[in-house]
Peer 1: 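Submitted below is the structure of interest, expressed as structure tokens.
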Amino acid sequence: MEAIAAFIGDLEVDIAVLQEVALGTVDGSVIDQPAELGRLTGLEARYAALHHYTLVDPDGARAAGAVLWGNALLSRLPIASAAARALPVPGDDDLIEPAGTLDRRTGRVTAEAGVRYADAGMGPREARVGLEATVVVEGLPIRILGTHLAYAGRAQRLAQAEELVRLAADTPRVVVAGDLNAAVDDPELDPLRAVLVDAFTATGTPPGDPARESCGRQPIDHVFVRGLRPETCRVAREAGDLSDHWPVVVELASA
């Protein structure tokens, strides 16, 4: 926590959007990562989670607590409002992927092909959420939607992207940011690309450019905007191993 907070501080950001942030308890001790990050950075914190799971001790012999798993937002700017927005989830009988579906990058049949969501493990069935916050800059409201889309199931990601578009529809200035678990030119992100500006493309880093790779070789972390002008957008690889993803850092100006 201290190292992550120090890195955020060094970036001198106005807004930080984070995924896979925990709030829970272990053997009576409270884990409150959003509040801890807010305290360490001096930024105002908001949090949204729908997914929770039981923690077990290292030997798996007993339950030790439970944790919420969600998204956080840290802000130097005044937060006028915040809300948790549930994203669509599939039905039990829906298939994660149709039988025979090939992985786009390996060309092999995906492990989830032909598997019902009811028969899948906890990961593919994780409830996803958007953390919506309105911040005020020079008297103008900007809606921030921080999110983490499903890693399993293209149809599920597509439905979630469509819901983000709906949530962003009634505001002139909006930022959608997070781990979207898809490349910018994958079809499931078409709804976002149709109505919002991809910050990487707008600043000269096209789809397929290795400079987009934010999780190993995967270019899956994005910032989309409307009513704002991206001036710079980069993957901050100097973060090293603070996370399994490198952060995307964007500078925005009035459109």
Side-chain angles (χ1 to χ4, degrees), residues 1-87 89 117 120-135 144-152 160 177-181 214-216 218 220-221 236-249:
M1 288 293 100
E2 289 82 359
I4 291 172
F7 187 81
I8 292 172
D10 289 343
L11 290 174
E12 298 183 337
V13 295
D14 292 315
I15 299 286
V17 176
L18 304 99
Q19 299 82 50
E20 297 187 351
V21 183
L23 174 62
T25 178
V26 181
D27 288 334
S29 297
V30 175
I31 300 167
D32 191 340
Q33 291 183 343
E36 181 72 357
L37 287 168
R39 182 185 69 80
L40 290 168
T41 59
L43 304 178
E44 191 172 356
R46 294 290 187 275
Y47 183 69
L50 296 178
H51 183 71
H52 67 279
Y53 59 90
T54 301
L55 293 175
V56 297
D57 66 18
D59 296 327
R62 65 179 183 89
V67 166
L68 287 168
W69 195 236
N71 305 313
L73 181 143
L74 305 173
S75 179
R76 191 183 312 279
L77 304 168
I79 299 176
S81 63
R85 304 297 187 188
L87 300 182
V89 295
Y117 275 96
M122 181 174 63
R125 294 183 288 106
E126 179 180 335
R128 302 288 173 157
V129 64
L131 171 54
E132 177 187 304
T134 298
V135 299
I144 312 292
L145 282 165
T147 194
H148 186 185
L149 301 190
Y151 73 85
Q160 292 168 353
D179 175 3
L180 305 189
N181 271 310
S214 56
C215 179
Q218 300 183 82
I220 58 177
D221 298 279
R237 293 192 171 93
E238 68 270 24
D241 62 357
L242 288 176
S243 168
D244 60 339
H245 292 236
W246 292 304
V248 174
V249 182

Peer 1: As a test of understanding, state which of Thr147, Asp221, Ile220 forms a side chain to side chain contact (heavy atoms under 4.5 Å, CB included) with Leu180.
Peer 2: Thr147
Peer 1: May I ask you to test the Val67-Leu23 pair for a side-chain heavy-atom distance under 4.5 Å?
Peer 2: no
Peer 1: Under 4.5 Å between any side-chain heavy atoms of Ile144 and Thr134, yes or no?
Peer 2: no
Peer 1: Quick check: do Leu11 and Val249 have side-chain heavy atoms less than 4.5 Å from each other?
Peer 2: yes
Peer 1: Taking all non-hydrogen atoms of both residues, which atom of Leu131 and which atom of Ala72 are closest, and how far apart?
Peer 2: CD2-C, 3.6 Å
Peer 1: Could you tell me if His148 and Asn71 have a donor-acceptor pair between their side chains, going purely by distance under 3.5 Å?
Peer 2: no
Peer 1: Starting at OG of Ser75, measure out to CZ of Arg46 and round the result to the nearest 0.5 Å.
Peer 2: 8.5 Å
Peer 1: If you look at every heavy atom in Ala86 and Val129, which pair is closest and at what distance?
Peer 2: N-CG2, 4.3 Å
Peer 1: Take a 6.0 Å sphere around CG of Asp241 and say whether it holds more than 12 heavy atoms from other residues, nucleotides or ligands.
Peer 2: no
Peer 1: Measure from the side-chain N and O atoms of Thr25 to the backbone N and O of Ser29, and report whether any donor-acceptor pair falls under 3.5 Å.
Peer 2: yes
Peer 1: Kindly indicate, with the supporting measurements, whether the criterion side-chain contact (heavy atoms from CB on, under 4.5 Å) is fulfilled by Met122 and His51.
Peer 2: CA-CA 10 Å; Met122 181 174 63; His51 183 71; 3.6 Å; yes
Peer 1: Side chains of Leu50 and Arg128, heavy atoms from C-beta outward: is any pair under 4.5 Å?
Peer 2: no
Peer 1: Whether the side chain of Asp59 engages the backbone of Ala61 through a donor-acceptor N/O pair (distance < 3.5 Å, no angle test) should be reported.
Peer 2: no
Peer 1: Restricting to non-hydrogen atoms, name the atom on Ala63 and the atom on Thr54 that form the minimum distance, rounded to 0.1 Å.
Peer 2: CB-CG2, 3.8 Å
Peer 1: Between Arg62 and Asp27, is there a side-chain N and carboxylate O pair less than 4.0 Å apart?
Peer 2: yes
Peer 1: For Gln33 and Ala22, indicate whether the former's side chain and the latter's backbone hold a donor-acceptor pair under 3.5 Å.
Peer 2: yes
Peer 1: Working to the nearest 0.5 Å, report the span between CG of Leu149 and CD of Glu126.
Peer 2: 11.0 Å
Peer 1: Is there side-chain contact between Ile15 and Val17, with at least one heavy-atom pair below 4.5 Å?
Peer 2: yes
Peer 1: For Trp69 and His52, run side-chain contact (heavy atoms from CB on, under 4.5 Å): C-alpha distance rounded to whole Å, both residues' side-chain angles, the deciding distance at 0.1 Å, then the answer.
Peer 2: CA-CA 6 Å; Trp69 195 236; His52 67 279; over 6 Å; no
Peer 1: Minimum heavy-atom separation for Ala49 and Leu68, please, with both atom names.
Peer 2: CB-CB, 4.0 Å
Peer 1: Do Arg76 side-chain atoms and Leu43 backbone N/O form a donor-acceptor pair below 3.5 Å?
Peer 2: no
Peer 1: Give me the atom names and distance for the closest heavy-atom approach of Leu74 to Pro34.
Peer 2: CD2-O, 4.4 Å
Peer 1: Test your reading of the model: is there a side-chain donor-acceptor pair from Trp246 to the backbone of Ala239, 3.5 Å cut-off?
Peer 2: no
Peer 1: From His245 NE2 over to Ser214 OG, what is the distance, rounded to the nearest 0.5 angstrom?
Peer 2: 6.5 Å
Peer 1: Quickly, which of Thr41, Leu242, Leu40 forms a side chain to side chain contact (heavy atoms under 4.5 Å, CB included) with Ile8? Name it, please.
Peer 2: Thr41
Peer 1: So, the side chain of Glu132 versus the backbone of Arg85: is there a donor-acceptor pair under 3.5 Å, distance only?
Peer 2: no
Peer 1: Report the C-alpha separation of Glu238 and Phe7 in whole Å, then their side-chain angles, then the decisive distance to 0.1 Å, and conclude whether the side-chain contact (heavy atoms from CB on, under 4.5 Å) test is met.
Peer 2: CA-CA 9 Å; Glu238 68 270 24; Phe7 187 81; 3.8 Å; yes
Peer 1: If you compare all heavy atoms of Tyr47 against all heavy atoms of Gly70, which two are closest, and at what distance to 0.1 Å?
Peer 2: OH-N, 3.2 Å
